[in-house]
Amino acid sequence: MPDYNFYDSVYQVARLIPPGRVTSYGAIAAYLGTKGSSRMVGYAMQACGNANPPVPAHRVVNRNGMLSGRHHFETPTRMQELLQKEGVKVKDGKVVEFEKRFWDPASVLF
DNA sequence: ATCCTGACTTGAC
DNA sequence: GGTCAAGCCAGGA
């Protein structure tokens with residue numbers, strides 16, 4: 001059994017992401033203090049289907065703004081459609097104006 | 001126990 | 001300024 005505490009933390013942060021915004025794995029990892037373990041964040045996302053309530057994993061992308069995990073969704077286009085539905089423009093598997101759409105988990109403290 | 005892989009990031013060339 | 005390599009932790013073979 002993995003440390004679900006870490007997984008749950010990732011899920012909670014992911015759920016804090018406001019609609020129309022996106023964040024990066026590293027940002028979440030840094031927020032949790034596990035900076036350097038950015039891969040684990042993505043790994044935790046892989047198990048997001050095991051989480052309750054479900055996690056908006058489509059709002060989590062890599063630091064380049066690319067939908068790296070779109071292939072892990074039910075359909076490769078699901079992630080892109082969900083983002084576009086929320087007002088996030090996605091082109092060629094990348095978030096348009098990612099820097100503007102970027103949301104830092106630390107913002108909740110503010 | 002070792003080796004490989006993976007929804008990443010950063011630093012070096 | 002793009003490309004390569006290494007570091008990172010967990011899990012499966």
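Values in this document were obtained by computation on a predicted structure and should not be read as measured data. So that the names make sense, note that chain A is the first sequence line, chain B the second, and so on, each numbered from 1.
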Hey, is the side chain of A/S38 pairing donor to acceptor with the base of B/dC8 inside 3.5 Å?
yes
Across all strands, who's sitting opposite B/dC8 as a Watson-Crick or G-U wobble pair, both distances under 3.5 Å?
C/dG7
Nearest to the side chain of A/R63, which nucleotide is it out of C/dC8, B/dT10, B/dA7?
B/dT10
C/dG11 phosphate, OP1 or OP2, under 4.0 Å from A/Y7 side-chain N/O:
yes
Starting at CG of A/L67 and ending at C1' of B/dC8, how long is that distance when rounded to a whole Å?
15 Å
Whole angstrom value for the distance that separates P of B/dT9 from OH of A/Y25
8 Å
Taking it one step at a time, do A/V61 and A/F98 satisfy side-chain contact (heavy atoms from CB on, under 4.5 Å)?
CA-CA 10 Å; A/V61 296; A/F98 171 66; 3.5 Å; yes
Tell me which nucleotide among B/dA7, C/dG11, C/dC9 gets nearest to the side chain of A/M40.
C/dC9
Considering all heavy atoms of both residues, which atom of A/V41 and which atom of A/V10 are nearest to each other, and what is their separation?
CG1-CG1, 3.8 Å
Evaluate whether atom CZ of A/R15 has more than 12 neighbouring non-hydrogen atoms of other residues, nucleotides or ligands under 6.0 angstrom away.
yes
Heavy atoms of A/L32 and A/F6 approach each other most closely as CD1-CE1, 3.9 Å
Looking only at B/dC8, C/dC8, C/dG11, the nucleotide nearest the A/S68 side chain is B/dC8
